[in-house]
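Chain letters run A, B, ... following the sequence lines, proteins first and then strands; every chain starts at 1.
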Amino acid sequence: MTDESWQDICVPLMLRDQAAGIGPWRLRRVLLTTFGQPDHRLLTDHLLPLWLGLGRPPEADGDAAEHRLDLLGALGTVDGVIIADAHPAPGWLWHRLPCVRTGMAKHGIGRIAQHAKLWLFAFERIAADGKTTESALEICVSSTNLSWDAVHGQTQAAWRFASILDPTPRRRDVRKAEPLLRFLDALRADVDPAISERIQPWRSLISRCTWPDDLVGFVASVPGVRTADAWGARTWPGTAKRKREPTCVRVLTPSLGMWTDDCVKNWCDAVNISPAALSVVRPGLADLGRPPLLSWRPSWKAPEVQLRALFDLNMARERLCSSSKIAQGAGAGDARWFHGKVYEFIDASGRVIERYVGSANFSPAAWGRPARRRQVAISNYEFGVVIRPSCRSECTPWIDVKPIRQFKEHAASRDTDTPETEPSPPWSGWTWNGREIIGQIATAATSLHVEVVLHRAVGKPLRRRISVPPGTGNTHRVTFSCATPVVSIEVVWEGGLRETVVPVDVRPHQDRSANIDAPGQQVDQSVLLRFLLKQYGAWDDGDSDKRLGASDDDPRESTAVGIDAHGVDYSQSWLVVARQLGEVIDGWVTTQAAAGNDAKQVEHHRGRGRLLAELMSQKAEQLRLAESAQPLLAMVWSTMAEELHMRCADRRRP
Amino acid sequence: MPSGELFLTAPPDGAMRRRSDPLGLRLIADRYADVIAPGMNARCTDAHWLLHLGWMLPMLHAARPDLMDLEPADRYAWLRPLELLVVRCGLLSFGASHGNGAQLPGRRAMLPYLDDTHHLRRERFGMSQHTWQRYRQAGAYGAYRTMLRRISGFTGLEGQEGDGWTVGRVAAALGQDAIDHLGLKRPMSVDGKRSPVEYWWDWWRPRWDGLATSWWRPLSTKERVNPLPSWPGVQALRTAFAKGQDADAHARHWTIERMAASRAADEAELLSELEEQHDQLHGLTAFAALTDHAMAVLEAIAKGIDPDIDLEGAALRDASEACERAIVATQKSARRWRDAKRPGWLLAMGSDLVDRLAFDVMAARRPEQAVRVLLDHHREHGHGAPWLSLHAGRIHLISTVGSQRSTRYAYRLWQLGRLATQLRLLSAEVVARLWGSVEPEMDAGDD
């Protein structure tokens, strides 16, 4: 890409900065926020392999399991968290990279949305002296959700910056980062407390950044009825220090909110412009000659009334010119649609003096509605950045326009601008600490009955009914004993609303990363078995399970390929399996013995042993019940499982 | 040090266009392929790379005795330059044809600078940082890693699968071949802080001219598949590949023998013969026909959409003649699937998904309904990059990934045939008869 203003957002700046003679930058910490659900596939197939230096995912069949092992292993050294607007569909990744939903705190604003798209990366590398470690922080503020379509089918506007961290914070830089720090604090308060500690370290990293001069500042919104100067449009940075006054502010966002005179005036006051200077740019549907930039999605029906309101306010009076940078896209064949949120402040000479990019659509839900006593009511988490162009080329507007007289087209609106009257839905967050499942339930209702189904990695699902009694306030805490990893938790709210949550693994970091035994979906039981087998003695490769028949694939077949024409059975010998499982048990005994007097380690391995024995029993059962049953092999697995069970139960000798 | 940048996002690069599974049936196809040619994958098309990777491993251990203590990514960083030096050697030996059609990952990046060793050495063999990073998967090691692990004694002990890095008996023998027959010298261990690229360039430079022999370079797919030389290492590889005592070798041997004895004129006939002789392959031909024809329908639709004129594309009623023919064939193969005998493992691998697809296709009374069934199935069950979507009665082309040859459901027969021929386990005439001028199933990284 020769044009510097078009960049691949997926590749962090620090990964381009691989100087010769110095160790490569390694990702150590990541925080991602997104609207909607994060896409498992986007992360596992594209983003994480790039960020963790694994190369791209396998192209050929037969390599997918190895890719997963690589990824699980690499994620063991990364402390990451995703903060989303909704729980993701269950997937093995979330056991390594937890994804939590906002909505725990009481906002008093009805339905809220986590709409910010903020990515933070912390990298480390060995410095040139070969001894010390350098740290760097990268921030990416954009309109990019963690969805396939966001990366593949949409054009986004973004700003990113990377800085090698200073040993100590500097006051000027800390002040500049203040909105970001406060925004993270607000997120911390609104997610499961167990996750807070994973957000906390970002404070010190961000404080040690040296911010660039062209950064005017960050602007954030947090849901709730807030003091006007705390969040939203009123915190727009640098309004008092503008050297030139903007004569026009062009706003191009894919979604528009329901504006009223009061709201518009409030927004214009906040950003220090005259309402007459505000122009909400509409896409030109007919004259672009390429897919319309906005309002193309049939499912995103736009209320005509929104447009009419804007038109009546004399704001929506320009349409995007087809020669505009945004309208032309990145080049021939670029059929993506524009999802960026861009606000350009333009002076009398037609040059951009300030540019906002971030997550906020032009809507009161994002920027705030005036409320009583100099307060604003905000419905969304939003995060953006205001940049003052530093060179001539950056002063050229991205949004070229031509005037329009009337509307005929429908605008897109799948806005997060939800009415305040809509009640806040119940929220739940779940964690697993190795011994018990801890749930936090937040609801506006006075009392509530919830059914919870724990889908464990091993064993039948456990059903629990919870009654939240009246008068318990906003949040209610529940605890279930559960030493077995939990794959997912199904929460059935009153009225039949269901959601599936992957509990966050909050065991100490070394427990999580020392061994890859993350529980997963049903299919992941075999992965779990495979890791435990590897840990205690099966050879260290990705395919040991095939030999022992513990692969993701059909267990009935993985040990028996077939019989050749000469009648030679080349299926696996039960003797070989017996010997190998015996080696695994010996390995477990040795490891247990090596733990010596370290009671914690001993108990840790004993727990592992019990889990492994359970999985082995389950394997035996599968082999026994299979259509092409293998009773001899089943007996081997079952005998060995019993042996391991006995050894785990024996407290005197392992 | 990078500074902040304000930008609009560029279209994602090739990494996003990963091999996909448009019908969500790859698990079953792979299981059939595992019966036919286990321990391989679709990119294992040239035994030369087994030889090269075989001698690279002992050299690598000689250069870095602490190799196994390194993190996997760092370990690979020491192998990558060797792979690329072999690619360069192959490119030079191909001359004007530039190795078109040969498995030479990284060829496109390297070609403009083929004679400029200074540039290649300094600029990651002409690759961008991203391509360089992705090479771990896209390169030869990524393609043959499964085989290195699964061929008994290659990177592990006899009868056991390896770890992909340890020098097993086969790799050691191939390393010795390189020393005895090619004059390669075992490198000294790395001292100081030399980068892998610098180190291997210096080791390689005095030797590569002498290595540009015909056996050395990877095969072009249009070339006749010539056997590899009968060196002791190659013999060891041959034995481990199809004459060993492990189940994988037995299975490959079984298939190779059937291929040799077969009178089939093409792959479809061969699949049918194999199915008759192996109870684990029941239903294979019906499954293959159903997936092939269903993919043909999708491809015909994709071709009918002109993104330059109207992205929203053709309405269902505009389904072309080719599409209609493919629909009829799909319905016929769906009936065949319904009546086919099934192996025991199929149920656990998701045969209900195939059943549902077959049932819905059979139930469709008009071509539009069948197309709708296929598109809905693609949306609900497909994996990898989405190809087509259906909304409000109109078809949208989302990406062209589905039209790539590597997206097809295949069973590794071509790959097994080639490797067996190179290892003198199968006559070249068999491969020529069965596949003739078939193009290889290469992915984008293999250009």
Begin from the C-alpha positions of Ile9(A) and Phe7(B) and carry the test side-chain contact (heavy atoms from CB on, under 4.5 Å) through to its verdict.
CA-CA 9 Å; Ile9(A) 195 170; Phe7(B) 61 100; 4.0 Å; yes

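Across Glu394(A), Arg26(A), Glu138(A), the residue that shares the most heavy-atom pairs under 4.5 angstrom with chain B is Arg26(A). When the candidates Pro389(A), Gly340(A), Ala158(A) are compared by the number of heavy-atom contacts under 4.5 Å with chain B, Ala158(A) comes out ahead.
Side chains of Arg355(A) and Leu6(B) form a contact here, defined as non-hydrogen atoms less than 4.5 Å apart.
Interatomic distance, NE2 of His339(A) versus OG1 of Thr9(B), reported as 10.5 Å (0.5 Å rounding).
Counting all heavy atoms, side chain and backbone alike, Asp8(A) lies closest to Ala10(B) at N-CB, 4.2 Å.
With a 4.5 Å cut-off on non-hydrogen atoms, Trp398(A) touches chain B through its side chain but not through its backbone.
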